[in-house]
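Here the structure comes first, spelled out in C-alpha coordinates, and everything after it is commentary.
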2 protein chains.
Amino acid sequence: MPAPHILSVFDQDMDRLQAQILSMGGLVEEAIRDAALALETRDDELAARVVEGDKKIDALEEDINTAVVRVLALRSPAAGDLRTVITVMKVAGDLERLGDYAKNLGKRVPILAQAHRVEGAAASIKRLAKSVRLMLKDALDGYARKDLDLVRDVLQRDVEVDQMTNALFREFLTHMMEDPRSITSCMHLLFISKNLERMGDHVTEICEQIIYLETGTRPEARPKGTSTAQVDVPYPGSRT
Amino acid sequence: MPAPHILSVFDQDMDRLQAQILSMGGLVEEAIRDAALALETRDDELAARVVEGDKKIDALEEDINTAVVRVLALRSPAAGDLRTVITVMKVAGDLERLGDYAKNLGKRVPILAQAHRVEGAAASIKRLAKSVRLMLKDALDGYARKDLDLVRDVLQRDVEVDQMTNALFREFLTHMMEDPRSITSCMHLLFISKNLERMGDHVTEICEQIIYLETGTRPEARPKGTSTAQVDVPYPGSRT
(Lines give C-alpha, C1' and ligand atoms only; values in the text may rest on other atoms or scores of the structure.)
Protein backbone atom coordinates (compact mmCIF):
# COMPACT_ATOMS: atom_id res chain seq x y z
CA MET A 1 0.00 0.00 0.00
CA PRO A 2 2.23 2.85 -1.17
CA ALA A 3 -0.43 5.56 -1.09
CA PRO A 4 -1.18 5.58 2.68
CA HIS A 5 2.55 5.40 3.31
CA ILE A 6 3.24 8.52 1.21
CA LEU A 7 0.30 10.26 2.82
CA SER A 8 1.52 9.61 6.31
CA VAL A 9 5.02 10.83 5.45
CA PHE A 10 3.44 14.02 4.19
CA ASP A 11 1.42 14.29 7.39
CA GLN A 12 4.58 13.85 9.43
CA ASP A 13 6.26 16.60 7.42
CA MET A 14 3.27 18.84 7.99
CA ASP A 15 3.15 18.13 11.72
CA ARG A 16 6.81 19.07 11.97
CA LEU A 17 6.20 22.30 10.00
CA GLN A 18 3.21 23.13 12.20
CA ALA A 19 5.32 22.62 15.33
CA GLN A 20 8.03 24.88 13.92
CA ILE A 21 5.49 27.62 13.19
CA LEU A 22 4.13 27.42 16.72
CA SER A 23 7.56 27.54 18.31
CA MET A 24 8.51 30.47 16.06
CA GLY A 25 5.29 32.18 17.16
CA GLY A 26 6.16 31.52 20.80
CA LEU A 27 9.54 33.21 20.36
CA VAL A 28 7.91 36.22 18.73
CA GLU A 29 5.35 36.52 21.56
CA GLU A 30 8.23 36.47 24.05
CA ALA A 31 10.17 39.08 22.06
CA ILE A 32 7.18 41.44 22.05
CA ARG A 33 6.62 41.01 25.78
CA ASP A 34 10.31 41.40 26.68
CA ALA A 35 10.83 44.42 24.43
CA ALA A 36 7.90 46.25 26.05
CA LEU A 37 9.08 45.23 29.51
CA ALA A 38 12.62 46.43 28.75
CA LEU A 39 11.21 49.78 27.66
CA GLU A 40 9.19 50.11 30.85
CA THR A 41 11.97 49.09 33.23
CA ARG A 42 14.72 50.79 31.15
CA ASP A 43 16.49 47.46 31.05
CA ASP A 44 19.16 47.74 28.34
CA GLU A 45 20.32 44.16 28.88
CA LEU A 46 16.88 42.68 28.33
CA ALA A 47 16.51 44.89 25.25
CA ALA A 48 19.86 43.60 23.94
CA ARG A 49 18.67 40.03 24.44
CA VAL A 50 15.56 40.79 22.36
CA VAL A 51 17.73 42.25 19.59
CA GLU A 52 20.07 39.26 19.71
CA GLY A 53 17.18 36.78 19.94
CA ASP A 54 15.81 37.91 16.60
CA LYS A 55 18.54 35.86 14.90
CA LYS A 56 16.92 32.72 16.24
CA ILE A 57 13.57 33.79 14.82
CA ASP A 58 15.17 34.51 11.44
CA ALA A 59 16.89 31.13 11.49
CA LEU A 60 13.58 29.41 12.20
CA GLU A 61 12.04 31.12 9.18
CA GLU A 62 14.93 29.87 7.06
CA ASP A 63 14.40 26.34 8.40
CA ILE A 64 10.70 26.50 7.63
CA ASN A 65 11.34 27.78 4.10
CA THR A 66 13.83 25.01 3.48
CA ALA A 67 11.39 22.42 4.83
CA VAL A 68 8.60 23.82 2.67
CA VAL A 69 10.70 23.62 -0.47
CA ARG A 70 11.70 20.10 0.50
CA VAL A 71 8.07 19.05 0.98
CA LEU A 72 7.12 20.62 -2.34
CA ALA A 73 9.99 18.88 -4.14
CA LEU A 74 9.61 15.45 -2.56
CA ARG A 75 5.86 15.14 -2.03
CA SER A 76 4.38 17.32 -4.79
CA PRO A 77 1.30 17.95 -2.64
CA ALA A 78 -1.96 18.56 -4.48
CA ALA A 79 -4.76 21.12 -3.96
CA GLY A 80 -5.57 21.36 -0.22
CA ASP A 81 -2.19 20.12 1.00
CA LEU A 82 -0.46 22.54 -1.31
CA ARG A 83 -2.46 25.40 0.15
CA THR A 84 -1.44 24.31 3.66
CA VAL A 85 2.23 24.32 2.70
CA ILE A 86 2.04 27.76 1.08
CA THR A 87 0.15 29.11 4.11
CA VAL A 88 2.87 27.86 6.44
CA MET A 89 5.47 29.74 4.39
CA LYS A 90 3.43 32.95 4.40
CA VAL A 91 2.72 32.77 8.12
CA ALA A 92 6.44 32.26 8.76
CA GLY A 93 7.11 35.38 6.70
CA ASP A 94 4.68 37.41 8.81
CA LEU A 95 6.20 36.05 12.03
CA GLU A 96 9.67 37.00 10.83
CA ARG A 97 8.45 40.53 10.21
CA LEU A 98 6.84 40.65 13.66
CA GLY A 99 10.17 39.61 15.15
CA ASP A 100 11.89 42.43 13.25
CA TYR A 101 9.54 44.98 14.74
CA ALA A 102 10.13 43.64 18.26
CA LYS A 103 13.88 43.89 17.60
CA ASN A 104 13.42 47.46 16.42
CA LEU A 105 11.61 48.26 19.67
CA GLY A 106 14.51 46.71 21.58
CA LYS A 107 16.98 48.90 19.69
CA ARG A 108 15.18 52.05 20.78
CA VAL A 109 15.27 51.16 24.48
CA PRO A 110 18.83 52.43 25.25
CA ILE A 111 18.17 55.73 23.44
CA LEU A 112 14.89 56.22 25.28
CA ALA A 113 16.52 55.30 28.60
CA GLN A 114 18.94 58.21 28.07
CA ALA A 115 16.49 60.67 26.57
CA HIS A 116 13.96 63.00 28.17
CA ARG A 117 11.40 60.91 30.02
CA VAL A 118 7.82 61.13 28.78
CA GLU A 119 5.46 60.50 31.69
CA GLY A 120 3.23 57.46 31.21
CA ALA A 121 4.60 56.65 27.77
CA ALA A 122 6.14 53.27 28.63
CA ALA A 123 2.92 52.15 30.32
CA SER A 124 0.86 53.12 27.27
CA ILE A 125 3.26 51.34 24.94
CA LYS A 126 3.15 48.29 27.18
CA ARG A 127 -0.66 48.19 26.97
CA LEU A 128 -0.54 48.45 23.20
CA ALA A 129 2.17 45.77 22.99
CA LYS A 130 0.09 43.51 25.20
CA SER A 131 -2.94 43.84 22.93
CA VAL A 132 -0.82 42.94 19.92
CA ARG A 133 0.84 40.04 21.72
CA LEU A 134 -2.52 38.60 22.79
CA MET A 135 -3.79 38.98 19.22
CA LEU A 136 -0.82 36.92 18.06
CA LYS A 137 -1.29 34.35 20.82
CA ASP A 138 -4.95 33.84 19.97
CA ALA A 139 -4.27 33.76 16.23
CA LEU A 140 -1.76 30.95 16.75
CA ASP A 141 -4.04 29.12 19.19
CA GLY A 142 -6.84 29.44 16.64
CA TYR A 143 -4.51 28.08 13.98
CA ALA A 144 -3.41 25.11 16.09
CA ARG A 145 -6.97 24.24 17.13
CA LYS A 146 -8.56 25.23 13.81
CA ASP A 147 -10.83 27.49 15.84
CA LEU A 148 -12.04 29.98 13.24
CA ASP A 149 -14.26 31.87 15.69
CA LEU A 150 -11.21 32.75 17.72
CA VAL A 151 -9.34 33.76 14.57
CA ARG A 152 -12.23 35.99 13.45
CA ASP A 153 -12.34 37.55 16.91
CA VAL A 154 -8.66 38.49 16.56
CA LEU A 155 -9.45 40.23 13.26
CA GLN A 156 -11.99 42.43 15.06
CA ARG A 157 -9.54 43.36 17.79
CA ASP A 158 -7.17 44.98 15.32
CA VAL A 159 -9.52 47.99 15.26
CA GLU A 160 -8.82 48.56 18.95
CA VAL A 161 -5.09 48.47 18.26
CA ASP A 162 -5.58 51.08 15.53
CA GLN A 163 -7.58 53.26 17.91
CA MET A 164 -5.01 52.94 20.68
CA THR A 165 -2.26 53.87 18.23
CA ASN A 166 -4.14 56.94 17.09
CA ALA A 167 -4.68 58.07 20.67
CA LEU A 168 -0.97 57.60 21.37
CA PHE A 169 -0.07 59.61 18.26
CA ARG A 170 -2.10 62.57 19.49
CA GLU A 171 -0.65 62.23 22.97
CA PHE A 172 2.96 62.18 21.81
CA LEU A 173 2.45 65.00 19.31
CA THR A 174 0.89 67.15 22.03
CA HIS A 175 3.84 66.36 24.31
CA MET A 176 6.26 67.46 21.61
CA MET A 177 4.45 70.77 21.21
CA GLU A 178 4.24 71.44 24.92
CA ASP A 179 7.79 70.45 25.73
CA PRO A 180 10.30 70.53 22.88
CA ARG A 181 12.84 68.70 25.05
CA SER A 182 10.68 65.62 24.59
CA ILE A 183 10.90 65.74 20.77
CA THR A 184 13.54 63.02 20.31
CA SER A 185 11.87 60.72 22.85
CA CYS A 186 8.45 61.27 21.34
CA MET A 187 9.76 60.58 17.85
CA HIS A 188 11.01 57.17 18.97
CA LEU A 189 7.73 56.57 20.83
CA LEU A 190 5.77 57.47 17.69
CA PHE A 191 7.79 54.95 15.68
CA ILE A 192 7.30 52.29 18.32
CA SER A 193 3.53 52.90 18.32
CA LYS A 194 3.39 52.82 14.54
CA ASN A 195 5.39 49.59 14.49
CA LEU A 196 3.03 48.00 17.00
CA GLU A 197 0.11 49.01 14.81
CA ARG A 198 1.85 47.37 11.83
CA MET A 199 2.44 44.29 13.96
CA GLY A 200 -1.32 44.14 14.49
CA ASP A 201 -1.71 44.28 10.71
CA HIS A 202 0.67 41.34 10.31
CA VAL A 203 -1.34 39.34 12.84
CA THR A 204 -4.51 40.06 10.86
CA GLU A 205 -2.70 38.87 7.73
CA ILE A 206 -1.93 35.64 9.55
CA CYS A 207 -5.61 35.38 10.50
CA GLU A 208 -6.68 35.96 6.92
CA GLN A 209 -4.30 33.24 5.75
CA ILE A 210 -5.75 30.80 8.28
CA ILE A 211 -9.34 31.60 7.27
CA TYR A 212 -8.44 31.25 3.59
CA LEU A 213 -6.77 27.94 4.32
CA GLU A 214 -9.74 26.52 6.21
CA THR A 215 -12.60 27.95 4.14
CA GLY A 216 -11.06 28.60 0.72
CA THR A 217 -12.39 32.16 0.71
CA ARG A 218 -10.81 35.38 1.88
CA PRO A 219 -12.58 37.14 4.76
CA GLU A 220 -14.46 40.29 3.84
CA ALA A 221 -12.68 43.62 4.11
CA ARG A 222 -12.13 44.05 7.81
CA PRO A 223 -13.03 47.20 9.70
CA LYS A 224 -10.14 49.64 9.93
CA GLY A 225 -9.58 52.45 12.41
CA THR A 226 -8.50 55.85 11.07
CA SER A 227 -5.03 55.67 9.59
CA THR A 228 -2.25 57.45 11.48
CA ALA A 229 -1.24 58.73 8.02
CA GLN A 230 -4.16 61.13 8.48
CA VAL A 231 -3.30 62.31 11.98
CA ASP A 232 -3.19 66.08 12.18
CA VAL A 233 -2.63 67.80 15.50
CA PRO A 234 -2.54 71.57 14.93
CA TYR A 235 -0.04 73.54 16.96
CA PRO A 236 -2.03 75.53 19.56
CA GLY A 237 -2.76 78.97 18.17
CA SER A 238 -1.31 78.20 14.75
CA ARG A 239 -3.25 78.90 11.58
CA THR A 240 -2.95 75.42 10.10
CA MET B 1 7.81 12.82 -26.46
CA PRO B 2 5.90 13.86 -23.37
CA ALA B 3 8.90 15.21 -21.42
CA PRO B 4 9.88 18.11 -23.74
CA HIS B 5 6.21 18.99 -24.06
CA ILE B 6 5.76 19.28 -20.29
CA LEU B 7 8.97 21.23 -20.06
CA SER B 8 7.86 23.77 -22.60
CA VAL B 9 4.51 24.24 -20.91
CA PHE B 10 6.39 24.92 -17.68
CA ASP B 11 8.59 27.42 -19.51
CA GLN B 12 5.52 29.15 -20.86
CA ASP B 13 4.07 29.35 -17.37
CA MET B 14 7.33 30.77 -16.09
CA ASP B 15 7.57 33.33 -18.89
CA ARG B 16 4.08 34.51 -18.06
CA LEU B 17 4.94 34.75 -14.34
CA GLN B 18 8.12 36.65 -15.16
CA ALA B 19 6.15 39.11 -17.30
CA GLN B 20 3.65 39.61 -14.48
CA ILE B 21 6.44 40.33 -12.00
CA LEU B 22 7.97 42.89 -14.34
CA SER B 23 4.67 44.65 -14.98
CA MET B 24 3.94 44.64 -11.25
CA GLY B 25 7.39 46.17 -10.70
CA GLY B 26 6.65 48.81 -13.34
CA LEU B 27 3.46 49.82 -11.53
CA VAL B 28 5.33 50.08 -8.23
CA GLU B 29 8.06 52.24 -9.81
CA GLU B 30 5.34 54.54 -11.16
CA ALA B 31 3.61 54.69 -7.78
CA ILE B 32 6.85 55.72 -6.05
CA ARG B 33 7.55 58.40 -8.64
CA ASP B 34 4.00 59.78 -8.64
CA ALA B 35 3.70 59.79 -4.85
CA ALA B 36 6.90 61.82 -4.51
CA LEU B 37 5.81 64.14 -7.31
CA ALA B 38 2.40 64.63 -5.69
CA LEU B 39 4.11 65.56 -2.44
CA GLU B 40 6.34 68.08 -4.18
CA THR B 41 3.60 69.71 -6.25
CA ARG B 42 0.95 69.36 -3.51
CA ASP B 43 -1.20 67.53 -6.01
CA ASP B 44 -3.96 65.82 -4.03
CA GLU B 45 -5.49 64.28 -7.15
CA LEU B 46 -2.27 62.59 -8.21
CA ALA B 47 -1.84 61.37 -4.63
CA ALA B 48 -5.38 59.94 -4.68
CA ARG B 49 -4.56 58.13 -7.93
CA VAL B 50 -1.52 56.55 -6.26
CA VAL B 51 -3.67 55.41 -3.32
CA GLU B 52 -6.32 54.03 -5.67
CA GLY B 53 -3.72 52.45 -7.96
CA ASP B 54 -2.44 50.26 -5.15
CA LYS B 55 -5.48 48.00 -5.63
CA LYS B 56 -4.16 47.07 -9.07
CA ILE B 57 -0.78 46.17 -7.54
CA ASP B 58 -2.47 44.05 -4.86
CA ALA B 59 -4.58 42.32 -7.51
CA LEU B 60 -1.44 41.51 -9.50
CA GLU B 61 0.10 39.90 -6.43
CA GLU B 62 -3.04 37.79 -6.01
CA ASP B 63 -2.84 36.76 -9.66
CA ILE B 64 0.81 35.81 -9.29
CA ASN B 65 0.12 33.79 -6.14
CA THR B 66 -2.71 31.95 -7.85
CA ALA B 67 -0.52 31.25 -10.87
CA VAL B 68 2.30 30.01 -8.62
CA VAL B 69 0.01 27.60 -6.79
CA ARG B 70 -1.33 26.44 -10.16
CA VAL B 71 2.18 25.80 -11.48
CA LEU B 72 3.12 23.93 -8.30
CA ALA B 73 -0.03 21.81 -8.45
CA LEU B 74 0.03 21.02 -12.17
CA ARG B 75 3.76 20.84 -12.94
CA SER B 76 5.32 19.72 -9.64
CA PRO B 77 8.56 21.48 -10.61
CA ALA B 78 11.77 19.98 -9.24
CA ALA B 79 14.86 21.56 -7.67
CA GLY B 80 15.91 24.62 -9.72
CA ASP B 81 12.49 25.26 -11.24
CA LEU B 82 10.92 25.03 -7.83
CA ARG B 83 13.33 27.65 -6.52
CA THR B 84 12.37 29.94 -9.42
CA VAL B 85 8.68 29.59 -8.63
CA ILE B 86 9.19 30.29 -4.92
CA THR B 87 11.38 33.29 -5.74
CA VAL B 88 8.66 34.74 -7.96
CA MET B 89 6.19 34.51 -5.09
CA LYS B 90 8.57 36.13 -2.63
CA VAL B 91 9.47 38.95 -5.02
CA ALA B 92 5.76 39.58 -5.61
CA GLY B 93 5.33 39.84 -1.82
CA ASP B 94 8.10 42.44 -1.59
CA LEU B 95 6.63 44.41 -4.50
CA GLU B 96 3.22 44.40 -2.84
CA ARG B 97 4.80 45.83 0.31
CA LEU B 98 6.62 48.49 -1.73
CA GLY B 99 3.28 49.45 -3.26
CA ASP B 100 1.77 49.76 0.22
CA TYR B 101 4.48 52.17 1.27
CA ALA B 102 3.94 54.29 -1.86
CA LYS B 103 0.22 54.33 -1.05
CA ASN B 104 1.02 55.42 2.49
CA LEU B 105 3.10 58.30 1.11
CA GLY B 106 0.16 59.25 -1.10
CA LYS B 107 -2.16 59.28 1.92
CA ARG B 108 0.05 61.79 3.70
CA VAL B 109 0.06 64.28 0.79
CA PRO B 110 -3.28 66.03 1.57
CA ILE B 111 -2.34 66.42 5.25
CA LEU B 112 1.07 67.84 4.36
CA ALA B 113 -0.46 70.14 1.75
CA GLN B 114 -2.58 71.70 4.54
CA ALA B 115 0.04 71.65 7.27
CA HIS B 116 2.91 74.00 8.04
CA ARG B 117 5.33 73.97 5.09
CA VAL B 118 8.83 72.69 5.81
CA GLU B 119 11.26 74.41 3.45
CA GLY B 120 13.10 72.01 1.16
CA ALA B 121 11.47 68.91 2.63
CA ALA B 122 9.59 67.81 -0.48
CA ALA B 123 12.75 68.14 -2.58
CA SER B 124 14.75 66.02 -0.11
CA ILE B 125 12.02 63.37 -0.03
CA LYS B 126 11.92 63.39 -3.83
CA ARG B 127 15.66 62.74 -4.00
CA LEU B 128 15.37 59.87 -1.55
CA ALA B 129 12.36 58.44 -3.41
CA LYS B 130 14.29 58.66 -6.68
CA SER B 131 17.21 56.68 -5.24
CA VAL B 132 14.82 53.98 -4.05
CA ARG B 133 12.94 53.92 -7.35
CA LEU B 134 16.17 53.55 -9.33
CA MET B 135 17.29 50.77 -7.00
CA LEU B 136 14.04 48.96 -7.79
CA LYS B 137 14.35 49.62 -11.51
CA ASP B 138 17.89 48.24 -11.64
CA ALA B 139 16.99 45.26 -9.44
CA LEU B 140 14.22 44.31 -11.86
CA ASP B 141 16.42 44.95 -14.90
CA GLY B 142 19.08 42.77 -13.30
CA TYR B 143 16.45 40.10 -12.68
CA ALA B 144 15.14 40.19 -16.25
CA ARG B 145 18.64 40.10 -17.78
CA LYS B 146 20.15 37.82 -15.12
CA ASP B 147 22.77 40.54 -14.63
CA LEU B 148 24.10 39.77 -11.16
CA ASP B 149 26.66 42.60 -11.24
CA LEU B 150 23.84 45.09 -11.55
CA VAL B 151 21.92 43.36 -8.74
CA ARG B 152 24.98 43.45 -6.47
CA ASP B 153 25.47 47.12 -7.27
CA VAL B 154 21.90 47.80 -6.08
CA LEU B 155 22.69 46.07 -2.77
CA GLN B 156 25.56 48.51 -2.24
CA ARG B 157 23.38 51.52 -2.97
CA ASP B 158 21.09 50.76 -0.05
CA VAL B 159 23.76 52.20 2.27
CA GLU B 160 23.35 55.57 0.58
CA VAL B 161 19.60 55.40 1.14
CA ASP B 162 20.22 54.66 4.83
CA GLN B 163 22.60 57.63 5.05
CA MET B 164 20.17 59.96 3.29
CA THR B 165 17.41 58.85 5.65
CA ASN B 166 19.56 59.51 8.69
CA ALA B 167 20.43 62.98 7.45
CA LEU B 168 16.74 63.69 6.88
CA PHE B 169 15.89 62.47 10.38
CA ARG B 170 18.30 64.94 11.90
CA GLU B 171 17.04 67.71 9.65
CA PHE B 172 13.37 67.16 10.52
CA LEU B 173 14.06 66.76 14.23
CA THR B 174 16.01 70.01 14.25
CA HIS B 175 13.13 71.72 12.43
CA MET B 176 10.69 70.48 15.06
CA MET B 177 12.83 71.87 17.85
CA GLU B 178 13.34 75.22 16.16
CA ASP B 179 9.75 75.70 15.11
CA PRO B 180 7.10 73.72 17.00
CA ARG B 181 4.48 74.71 14.40
CA SER B 182 6.27 72.28 12.09
CA ILE B 183 5.83 69.31 14.43
CA THR B 184 2.89 67.64 12.69
CA SER B 185 4.43 68.16 9.24
CA CYS B 186 7.79 66.89 10.38
CA MET B 187 6.22 63.82 11.96
CA HIS B 188 4.67 62.87 8.64
CA LEU B 189 7.94 63.64 6.87
CA LEU B 190 9.82 61.42 9.33
CA PHE B 191 7.42 58.57 8.62
CA ILE B 192 7.75 59.09 4.88
CA SER B 193 11.56 59.01 5.15
CA LYS B 194 11.47 55.91 7.31
CA ASN B 195 9.12 54.20 4.87
CA LEU B 196 11.41 55.03 1.97
CA GLU B 197 14.30 53.52 3.91
CA ARG B 198 12.23 50.37 4.45
CA MET B 199 11.40 50.34 0.77
CA GLY B 200 15.14 50.27 0.10
CA ASP B 201 15.34 47.26 2.42
CA HIS B 202 12.62 45.48 0.45
CA VAL B 203 14.53 46.14 -2.77
CA THR B 204 17.64 44.62 -1.21
CA GLU B 205 15.54 41.59 -0.21
CA ILE B 206 14.50 41.26 -3.84
CA CYS B 207 18.18 41.46 -4.83
CA GLU B 208 19.10 38.79 -2.30
CA GLN B 209 16.36 36.53 -3.64
CA ILE B 210 17.68 36.97 -7.19
CA ILE B 211 21.25 36.23 -6.15
CA TYR B 212 20.12 33.16 -4.23
CA LEU B 213 18.12 31.99 -7.21
CA GLU B 214 21.02 32.35 -9.64
CA THR B 215 23.89 31.22 -7.44
CA GLY B 216 22.27 29.01 -4.80
CA THR B 217 24.01 30.94 -2.03
CA ARG B 218 22.87 33.94 -0.03
CA PRO B 219 24.99 37.09 -0.43
CA GLU B 220 27.17 37.96 2.54
CA ALA B 221 25.80 40.33 5.15
CA ARG B 222 25.51 43.62 3.35
CA PRO B 223 26.87 46.88 4.72
CA LYS B 224 24.27 48.81 6.71
CA GLY B 225 24.17 52.51 7.54
CA THR B 226 23.42 53.55 11.12
CA SER B 227 19.88 52.65 12.06
CA THR B 228 17.43 55.50 12.53
CA ALA B 229 16.39 53.61 15.67
CA GLN B 230 19.58 55.04 17.15
CA VAL B 231 19.05 58.64 16.08
CA ASP B 232 19.37 61.02 18.99
CA VAL B 233 19.21 64.76 18.44
CA PRO B 234 19.50 66.49 21.81
CA TYR B 235 17.37 69.58 22.32
CA PRO B 236 19.74 72.58 22.29
CA GLY B 237 20.80 73.38 25.82
CA SER B 238 18.99 70.41 27.35
CA ARG B 239 20.67 67.82 29.49
CA THR B 240 18.53 65.09 27.87
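Chain letters run A, B, ... following the sequence lines, proteins first and then strands; every chain starts at 1. Model, not experiment: these values are computed from the prediction.
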- Note on the structure: Heavy-atom nearest pair, B:Val85 first then B:Pro77, reads CG2-CG, 4.2 Å

Per-residue contact mode, [X] against chain A (heavy atom under 4.5 angstrom):
{"X": "B:Met187", "answer": "side chain"}
{"X": "B:Leu72", "answer": "both"}
{"X": "B:Ala78", "answer": "neither"}

Part of [X] lying under 4.5 Å from any heavy atom of chain B:
{"X": "A:Ala73", "result": "both"}
{"X": "A:Asp100", "result": "neither"}
{"X": "A:Leu190", "result": "both"}
{"X": "A:Glu178", "result": "neither"}
{"X": "A:Phe169", "result": "side chain"}
{"X": "A:Arg97", "result": "side chain"}

- Item | Given A:Ile32, A:Val50, A:Leu39, A:Leu112, the one that forms side chain to side chain contact (heavy atoms under 4.5 Å, CB included) with A:Leu105 | A:Leu39

- Task: State whether a side-chain donor-acceptor pair under 3.5 Å links B:Asn104 with B:Arg108.
- Result: yes

- Is there side-chain contact between B:Val161 and B:Leu196, with heavy atoms separated by less than 4.5 Å? no

- Message: Does any part of the side chain of A:Thr66, heavy atoms only, come nearer than 4.5 Å to the side chain of A:Val69, both counted from C-beta?
- Response: no

